[in-house]
Amino acid sequence: MPELPEVETIKIGLAKLLPGQTISRVEHDWPKSFPNAPTDVENFLIGAKVKEVRRRAKVLLIDLDSDYTLMIHLKMTGQLVYRSEKDRFGAGHPTESLIGKLPDKSTRVTFDLSSAKGKAKLFLNDQRKFGWVRLMPTVEVPNVDFLKKVGPEPLEASFTDKAFKQRLLKRPNTSIKAALLDQTVIAGVGNIYADESLWGAKLHPATHVNKVSDRAFNILFKELQYVLRLSIEKGGSTDKNYVNAEGKKGSYMSFARVFRREGQACPRCGTIIIKTRVAGRGTHLCPKEQKFVGAAK
DNA sequence: CACTTGACCTGTCCGC
DNA sequence: TGCGGACAGGTCAAGT
């Protein structure tokens with residue numbers, strides 16, 4: 001569920017909190033959450049100081065002054081929550097907070113941090129255990145399979161409508177929704193923003209890519225950028241358990257037009273929004289405005 | 001090769 | 001109330 005806007009929101013939060021902090025200890029209770037921890041932690045993690053926090057696609061990168069990087073993928077239910085000692089590591093925030101005392105039963109990895117300002121902890125929580133952290137030399141980051149194959153960032157200024165169309169046409173015979181979700185086509189789009197942008201462009205998610213007109217590509221591009229930017233501004237989407245670096249929810253869901261709004265009125269035409277299945281995913285659409293125009297020839 | 005489906009997991013919800 | 005099964009959806013591996 002963390003998609004581009006959610007991971008970006010966490011990145012913005014951690015970028016204010018982590019740089020300058022030294023990692024003093026790490027614990028993990030689920031080996032798959034931190035596969036290479038045993039071999040590299042002592043030498044390259046403990047005692048290292050955080051230099052910078054970055055994001056690429058849905059991946060978070062925490063660069064350390066040991067020239068190692070923590071690469072983190074939250075997959076579906078991952079949370080990365082920072083608590084300072086002042087917060088007693090878990091009093092919780094009075095408002096907007098989804099989680100209370102930490103660690104909780106979904107905590108998989110705990111990093112202890114220290115700086116001149118005091119002690120803190122960073123918790124990787126993950127109910128479903130799909131997420132992971134890996135430690136690797138910073139220079140190796142670009143060579144990780146996923147990052148070698150992943151497509152361009154949709155909000156980069158250099159990413160144009162022309163490039164958008166070109167990338168999607170890499171998958172001419174699949175549905176436009178499957179192409180949007182394909183991380184090797186474009187980085188960072190998941191189920192929420194695929195549905196939201198397709199509604200914006202009045203495109204049926206099952207429309208085959210080679211049936212999409214130039215005009216529709218251009219509108220879809222603008223709509224995708226719009227929903228991603230709006231969501232970052234609103235702190236992301238909290239559907240079930242997404243929270244930012246401070247444990248707070250994002251509010252995009254109250255601005256969503258179709259996602260999780262089956263049974264409600266389409267904001268443009270009033271038709272009841274339906275939920276169906278496209279590209280193996282739950283898919284929300286307005287059946288009047290998003291007509292299926294036919295499969296590829 | 002292009003594309004789709006299943007596995008990885010756990011919590012929640014729905015029907016019986 | 002309890003219980004089985006479907007469902008949630010990011011990515012990789014396996015299948016068509």
Side-chain angles (χ1 to χ4, degrees), chain A residues 1-10 28-35 55-61 71-80 98-100 103-109 124-134 144-151 153-154 167-198 205-211 228 231 236-243 250 252-253 256 258-263 274-285 295-297:
Chain A
M1 288 197 243
E3 303 182 27
L4 188 154
E6 290 73 33
V7 181
E8 179 66 15
T9 301
I10 294 170
H28 61 112
D29 79 339
W30 182 253
K32 289 181 181 177
S33 297
F34 201 165
R55 177 190 63 78
R56 175 75 171 100
K58 299 170 190 171
V59 173
L60 270 166
L61 300 163
M71 177 180 273
I72 303 172
H73 201 307
L74 299 171
K75 294 289 181 84
M76 244 94 79
T77 54
Q79 305 171 324
L80 205 51
L98 196 62
I99 49 183
D104 62 26
K105 68 175 179 173
S106 74
T107 300
R108 308 296 168 208
V109 185
L124 173 67
N125 291 345
D126 189 6
Q127 210 171 72
R128 288 173 70 181
K129 302 178 175 175
F130 291 170
W132 44 255
V133 188
R134 277 186 285 169
V144 170
D145 271 358
F146 177 83
L147 292 183
K148 270 198 298 197
K149 291 187 299 186
V150 75
E153 290 289 327
R167 298 296 300 180
L168 288 165
L169 282 169
K170 279 180 60 177
R171 305 285 308 277
N173 297 310
T174 193
S175 65
I176 186 71
K177 177 159 180 175
L180 283 171
L181 293 174
D182 185 338
Q183 299 300 295
T184 70
V185 172
I186 298 163
V189 183
N191 210 32
I192 298 172
Y193 305 104
D195 280 7
E196 289 289 294
S197 60
L198 287 164
T207 310
H208 282 226
V209 175
N210 62 7
K211 287 281 182 183
L228 294 175
S231 185
S237 296
T238 297
D239 177 20
K240 292 204 167 59
N241 65 12
Y242 164 75
V243 292
Y252 178 85
M253 287 302 278
V258 284
F259 193 80
R260 290 271 188 278
R261 294 199 183 273
E262 61 270 32
I274 59 165
K275 184 176 180 186
T276 176
R277 214 162 174 83
V278 175
R281 307 288 171 77
T283 297
H284 311 74
L285 60 91
K297 52 184 176 296

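What you see below is based on every heavy atom in this structure, not just the backbone, and it leaves out hydrogens, waters and symmetry mates. Just so we're clear, the structure is a prediction, and the values are computed from it rather than from any experiment. Here is how names work: the chains are called A, B, and so on, in the same order as the sequence lines, proteins then strands, and each is numbered from 1.
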Item checked: Any donor-acceptor pair under 3.5 Å from A:E3 side chain to A:N191 backbone -> yes
Notebook entry, point to check: In whole Å, what separates the P atom of B:dC1 from that of C:dT11?
Noted result: 23 Å
Notebook entry, point to check: When A:L180 is tested against each of A:V185, A:V209, A:L198 for side chain to side chain contact (heavy atoms under 4.5 Å, CB included), which residue passes?
Noted result: A:L198
Next item on the list: Would you kindly give the CZ-to-P distance between A:R281 and C:dG9, to the nearest whole Å?
Entry: 7 Å
Next item on the list: Round to the nearest Å and state the distance from A:L181 atom CG to B:dT4 atom C1'.
Entry: 13 Å
Margin query: Between C1' on C:dT11 and CD on A:E3, what's the gap in Å once rounded to a whole number?
Written below: 13 Å
Note to self: Using every non-hydrogen atom in the two residues, find where A:P5 and A:T9 come nearest and quote the distance to one decimal.
What the structure shows: O-OG1, 2.7 Å
Next item on the list: Would you kindly say whether A:T238 and A:Y252 are connected by a side-chain donor-acceptor distance under 3.5 Å?
Entry: no
Notebook entry, point to check: Between A:M76 and A:D145, which is nearer to the 5' end of DNA chain C once each is assigned its nearest nucleotide?
Noted result: A:M76
Next item on the list: Would you kindly give the CD-to-P distance between A:Q127 and B:dT10, to the nearest whole Å?
Entry: 10 Å
Checklist line | Any A:K75 side-chain N or O less than 4.0 Å from OP1/OP2 of C:dT11 | finding: no
Checklist line | A:R277 vs B:dT5: side-chain N/O to OP1/OP2 distance below 4.0 Å | finding: no
Item checked: Base-pairing assignment for B:dC9 (Watson-Crick or G-U wobble, both under 3.5 Å) -> none
Next item on the list: Output yes when at least one side-chain N/O atom of A:S106 is less than 4.0 Å from OP1 or OP2 of B:dT10, else no.
Entry: no
Checklist line | Rounded distance (Å) that lies between atom C1' of B:dC13 and atom NZ of A:K240 | finding: 10 Å
Notebook entry, point to check: Any side-chain N or O of A:K129 under 4.0 Å from OP1/OP2 of C:dG10?
Noted result: no
Notebook entry, point to check: Within this structure, what is the CG-to-C1' distance between A:L124 and B:dC9, rounded to whole angstrom?
Noted result: 14 Å
Margin query: Just N and O in the side chain of A:N173: are any of them under 4.0 Å from OP1 or OP2 of B:dC3?
Written below: yes
Next item on the list: Could you check which nucleotide pairs with C:dG9 in any of the strands shown, counting Watson-Crick or G-U wobble with both distances under 3.5 Å?
Entry: none
Next item on the list: Would you mind reporting whether A:D104 and A:N125 have side-chain heavy atoms less than 4.5 Å apart?
Entry: yes
Next item on the list: For A:F146 and C:dT11, say yes or no: do the ring centres fall under 5.5 Å of each other while the ring planes differ by less than 30°?
Entry: no
Next item on the list: Write down the distance between NZ (A:K32) and P (B:dC8), rounded to a whole number of angstrom.
Entry: 7 Å
Note to self: Between A:H284 (side chain only) and A:V258 (backbone N and O only), is there a donor and an acceptor less than 3.5 Å apart?
What the structure shows: no
Check: With distance as the sole criterion, do the side chain of A:R128 and the base of C:dA8 form a donor-acceptor contact below 3.5 Å?
Finding: yes
Next item on the list: Starting at atom CG of A:L168, determine the distance to atom C1' of B:dA2, rounded to an integer number of angstrom.
Entry: 16 Å
Next item on the list: Let me know, please, whether A:W30 or A:K170 comes out on the 5' side of the other along DNA chain B by nearest nucleotide.
Entry: A:K170
Next item on the list: For A:G280, report the nucleic acid contact type (base, sugar-phosphate, nothing); a contact means any heavy atom under 4.0 Å.
Entry: nothing
Check: Does a nitrogen or oxygen in the side chain of A:H73 sit under 4.0 Å from OP1 or OP2 of C:dG10?
Finding: no
